[in-house]
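Structure record follows, encoded as structure tokens.
Both counts, for ligands and for their atoms, begin at 1 and track the order of listing.
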Amino acid sequence: MERFQDENKFLGSFANEILVKCPKCDSKSAVKKEPVSDCKCGYCHTKVFECKHCYYKLEKPNYHYVAYGKVYCSKCFEKYEFESQSLKEKPEKYKAKCPHCNFQEEWKPKIEEFLQNSKADDGLVKEPYYDLSLWFQKEMNGDIFWAFNQDHIDYLERYIKADLRERNNTGSSNATMVSRLPKFVKEAKNREKLLKIIEKWKK
Ligand SMILES: [Zn+2]
Ligand SMILES: [Zn+2]
Ligand SMILES: [Zn+2]
């Protein structure tokens, strides 16, 4: 009997290298984690896509920005909060309107950056940084089985093969990669099919 014990890995643990299809030449390529060039602290990373076949390169992930702040209106002195919609460029200034007196003025906002998953219009699963289609993905009765890379595939394989799946909850681990797997991946009736897909991916 095979046992699988959740190592409490998060999807992010597999995101250092995400295998994707190059949008220019369709080759197998990767979005990789790389240090930020002007970082002094050693912790700042970004994700870079570079195709080894056609040298197409992408270095600026699809971040979106929200400008927000808590301010006192210069005209009526009332306090108010503002928050922009999702913006494609990081704004230096943001023009907000006082809800009390309608006075408009520009503020230097706080910025929150985030990745916006675009909807996959062609039904394919994409990584969030550059919206590139994952290399490892396979449609199965309307669901898509997908993986970021080899490590991820190995981990999924161990999970799917196991007869006994042990969750290892320490309370806060509810969002591990395994606990978030869609139902069709967990179902015993799909085991054979999923393992066949994995076998093909591993070749
Ligand atoms: Zn840094
Ligand atoms: Zn390419
Ligand atoms: Zn005002």
* **Vertex the Zn ion (ligand 3), arms to Cys101 SG and Cys76 SG, rounded to 10°** => 110°
* To do: Indicate if the distance from the Zn ion (ligand 3) to the nearest N, O or S atom of His100 falls below 2.8 Å.
  => no
* Contacts of Phe4 that satisfy ring pair (Phe, Tyr, Trp, His ring centres under 6.0 Å) - sequence neighbours left out -> Tyr155, Tyr159
* Asked: Below 4.0 angstrom, N of the basic side chain to O of the carboxylate: do Glu34 and Lys32 qualify?
  -> no
* Asked: Is any side-chain heavy atom of Ser29 closer than 4.5 Å to a side-chain heavy atom of Tyr56?
  -> no
* To do: For Leu11 and His152, run side chain to side chain contact (heavy atoms under 4.5 Å, CB included): C-alpha distance rounded to whole Å, both residues' side-chain angles, the deciding distance at 0.1 Å, then the answer.
  => CA-CA 9 Å; Leu11 189 55; His152 193 194; 3.7 Å; yes
* Asked: Members other than Phe82 in its cluster, when Ile, Leu, Val, Met, Phe, Trp, Tyr link by side-chain heavy atoms under 4.5 Å?
  -> Val71, Tyr80, Tyr94, Trp107
* Asked: What's the count of protein N, O or S atoms under 2.8 Å from the Zn ion (ligand 2)?
  -> 4
* Asked: Any side-chain heavy atom of Tyr68 sitting closer than 4.5 Å to one from Ser84?
  -> no
* **Side-chain ion pair, Lys47 and Glu127, N-O less than 4.0 Å** => no
* **Cys39 atom SG and Cys41 atom SG as seen from the Zn ion (ligand 1), angle to 10 degrees** => 100°
* Roughly, to 10 degrees, what angle do Cys98 atom SG and Cys73 atom SG form around the Zn ion (ligand 3)? -> 110°
* What residues form a side-chain contact (heavy atoms from CB on, under 4.5 Å) with Lys189, not counting sequence neighbours? -> Glu187
